Amino acid sequence: MAAAWFRFARQSSPFSLAFRAFSVSVSHQASRTPVGFIGLGNMGGPMAKHLIDNGHPVIVHDVYPEAMTSLEDAGAIKASSPAEVASKADRIITMLPSSPNVQEVYCGEQGILSKVKAGSLLIDSSTIDPAVSKEMAEVAAKKGGVYMDAPVSGGIKAAAAATLTFMVGGKQDEFEAAKELLQFMGKNVVYCGDVGSGQAVKICNNMLLAIEMIGTSETMNLGMRLGLDPKLLASVINMSTGRCWASDTYNPVPGVMEGVPSSNNYQGGFGTALMTKDLGLAQNAATATKSPTPLGSLAHQIYRILCNKGYPLKDFSSVFHYLSEEEKK
C-alpha cells in the first residue's frame, strides 16, 4: 500500500514537482563533487576537458607537468601525485599507457590506494592485461574502493568530440554510477560483465583494428602502384565491401583525409608502440585460451618490426609508410 501511494504521489502535481526538483538537486550536487583524472595524454587530456566543460570540478595529475597546463587554464586543479588526487576526490578516472603504469599509479608509494577514501569509485580507461584489472579490483576492494575497467575505442578524434565508446567491466550495481561520468566523454557506454571484461573486449577490438589497418595500407599501396588516384580508390572502397574504419575514418595515406595523423606526418593519434603493446596482450590471451589467431600474430610481428625501424612514436597508421618505403628498396 505504501509503495502504491508513493507511486501515486510522485505522479500527483504538487508532490511530483517537488520530487523532481529534489531529484534534479541531488543529481546536480553529485555532478559538482570533484572528479580526479590521472593521465593527460592524447586521449586523457580531451576527456578531462569534457568533464570541466560540463561543470565538474576536476583535479588532475600527470607525470609531465606541461600536460596539466592547458587543463589548469581551463579550470582544473593540479595535484602533485595520484595520492593527492585520491585525498581530494572520491571519483577518479585513469588513462595510462600500460599495465605497469596502472600498477604504479594505483599501488605505488604515492599511489591512489595509499590515500583512497572508502566508497571511492575508481575507473581505469587504460588498455591493459585483464588479469591486472582483476588484481587492481581486489586490492582496491581491500581499501574500500570500487575499481572498474573501462577502456575506450574511437581514437583521438572521438576523444576530442566526446564520442568515444566505453567498454565497462565491474559490478553491475556500480555501472550507473560509472556511466554518469563516462557519458560526458562518450556516446556509447556499454556494460560488458565482471572486472576485466572491458579489457577483453578492447584487446579483441584492437587486434581487428591492427589487421584492418595493415590490410588497408597494403591495398592502398597496391592501387597507387597500379596508377590509381588514392582519393578515388579510397572513395570506391568506402562505398564497397572493403569499407572499414581504417579506410573511411582514419585513412593511412597522406592527403586522402584531413584531420588524421597520416596527413600530419603521422604525429599524434595512437602510437605504434601502444598498438604493439595491445597486440601483445591479445597474443597472451590467445595463448592462454588456446585460440588460433594467425592474422593477429602476424599483425603483432609487423608492428614489432615497425617499432624497431624507428616508428614507435608515430601513429599506428604509419604502417602504410613503412610498407610503401620497403617496396621501393
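Keep in mind it's a predicted model, so treat the numbers as computed, not measured. Counting begins at 1 with the first residue of the sequence.
Under the side-chain contact (heavy atoms from CB on, under 4.5 Å) rule, I92 has a single partner from I59, I123, V85, L121, which is V85. Among P100, P82, S126, the single residue meeting the side-chain contact (heavy atoms from CB on, under 4.5 Å) criterion with V105 is P82.
When only modelled atom types and interatomic distance are considered, T94 and D124 share a side-chain donor-acceptor pair under 3.5 Å. Between the side chains of S99 and D129, no donor-acceptor pair of N or O atoms lies under 3.5 Å. Side-chain contact annotation: Y250 with T216, donor-acceptor N/O pair under 3.5 Å absent. Side chains of R91 and T33: a donor on one and an acceptor on the other come within 3.5 Å. In this structure, a donor-acceptor pair under 3.5 Å is present between the side chains of N101 and S98. A donor-acceptor contact closer than 3.5 angstrom links the side chains of T293 and Q283. T165 and N188 share a donor-acceptor pair across their side chains, judged by distance under 3.5 Å alone.
No donor-acceptor distance shorter than 3.5 angstrom exists from the side chain of S133 to the backbone of G196, with no hydrogens or angles considered. Under a 3.5 Å cut-off, the side chain of S217 and the backbone N or O of M213 do form a donor-acceptor pair. Side chain of K277 to main chain of T127: a donor-acceptor pair is present (N/O by atom type, distance under 3.5 Å, no hydrogens or angles). Remark: the backbone N or O of C244 is not paired with any side-chain donor or acceptor of S247 at under 3.5 angstrom. N265 contributes no side-chain N or O that, together with a main-chain N or O of Q267, makes up a donor-acceptor pair within less than 3.5 Å. Between the side chain of D229 and the backbone N or O of L232 there is at least one donor-acceptor pair closer than 3.5 Å. No side-chain donor-acceptor contact under 3.5 Å links H56 to the backbone of V35. A side-chain donor-acceptor contact under 3.5 Å links N54 to the backbone of H50. The main-chain N or O of Q199 is found under 3.5 Å from a side-chain atom of D149 such that the two form a donor-acceptor pair. The main-chain N or O of M167 is never found under 3.5 Å from a side-chain atom of Y191 such that the two would form a donor-acceptor pair.
Around the CD atom of Q172, the shell of radius 6.0 Å holds no more than 12 heavy atoms that belong to other residues, nucleotides or ligands. The 12-atom threshold is not exceeded at NZ of K49, counting heavy atoms of other residues, nucleotides or ligands nearer than 6.0 Å. Residue K117 qualifies as enclosed at atom NZ: its count of foreign heavy atoms under 6.0 Å is above 12.
The shortest side-chain heavy-atom distance between L306 and S318 falls under the 4.5 Å cut-off. The closest side-chain heavy-atom distance from L182 to V168 is below 4.5 Å. Residues P261 and N264 have side chains not in contact (no heavy-atom distance under 4.5 Å, counting atoms from C-beta outward). Between M257 and V260 the shortest side-chain heavy-atom distance falls below 4.5 Å. Side-chain contact between F166 and V190 is absent, with no heavy-atom pair separated by less than 4.5 Å. Looking only at side-chain heavy atoms (C-beta outward), V195 and K171 stay at 4.5 Å or farther from each other. When side chains are defined from C-beta on, M148 counts as touching E174, because their heavy atoms get closer than 4.5 Å. The shortest side-chain heavy-atom distance between T219 and I237 falls under the 4.5 Å cut-off.
M275 and L313 fall into different hydrophobic clusters, where Ile, Leu, Val, Met, Phe, Trp and Tyr residues are linked whenever their side-chain heavy atoms come under 4.5 Å apart, directly or through other members. The hydrophobic cluster containing Y322 also contains L209, counting ILVMFWY residues as joined when their side-chain heavy atoms lie under 4.5 angstrom apart, directly or transitively. Put simply, I93 and M95 are part of the same group of oily side chains (I, L, V, M, F, W, Y) that touch within less than 4.5 Å, one to the next. The same ILVMFWY cluster, assembled from side-chain heavy atoms under 4.5 Å apart, contains both L295 and V319. Under the 4.5 Å side-chain heavy-atom criterion for grouping Ile, Leu, Val, Met, Phe, Trp and Tyr, L298 is not connected to L208 through any hydrophobic cluster.
Listed here is the closest heavy atom pair of A83 and K115: O-CB, 3.4 Å. The two residues N221 and S324 come nearest to each other via the heavy atoms OD1-CB, 3.4 Å. Here the shortest heavy-atom pairing between V256 and P230 reads CG2-CB, 3.8 Å. Smallest separation of non-hydrogen atoms from L71 and A67: CD1-O, 4.3 Å. Taking every heavy atom of both residues into account, V152 and K202 meet most closely at O-NZ, 2.8 Å. Taking both residues in full, the closest heavy atoms of P312 and G310 are given as CD-C, 3.0 Å, listed atom of the first, atom of the second, then distance.
For the pair R243 and D248, the salt-bridge criterion is met [side-chain N within less than 4.0 Å of a carboxylate O]. The pair K88-E84 counts as a salt bridge, with a side-chain nitrogen and a carboxylate oxygen less than 4.0 angstrom apart.
Side-chain rings of Y106 and Y147 approach one another, their centers coming within less than 6.0 Å.
Between the NZ atom in K143 and the OG atom in S120 there is a gap of 12.5 Å [rounded to 0.5 Å]. We find the CG-SG distance between D278 and C204 to be 11.5 Å, quoted to the nearest 0.5 Å. Expressed to the nearest 0.5 Å, how far CG of N251 lies from CH2 of W245 amounts to 11.0 Å. Here the CZ atom belonging to F37 is positioned 4.0 Å from the CE atom belonging to M47, to the nearest 0.5 angstrom. Distance check: M136 CE to I112 CD1 gives 10.5 Å after rounding to the nearest 0.5 Å. To the nearest 0.5 angstrom, I302 atom CD1 is 12.5 Å from C307 atom SG.
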Pair V253-S262, side chain to side chain contact (heavy atoms under 4.5 Å, CB included): steps then yes or no: CA-CA 6 Å; V253 180; S262 61; 5.9 Å; no
Trace of the side chain to side chain contact (heavy atoms under 4.5 Å, CB included) decision for D53 with F184: CA-CA 9 Å; D53 290 344; F184 292 109; over 6 Å; no
Test side chain to side chain contact (heavy atoms under 4.5 Å, CB included) applied to L113 and V116, step by step: CA-CA 5 Å; L113 297 180; V116 70; 4.0 Å; yes
From CA spacing to verdict: side chain to side chain contact (heavy atoms under 4.5 Å, CB included), F316, Y311: CA-CA 8 Å; F316 81 107; Y311 291 81; over 6 Å; no
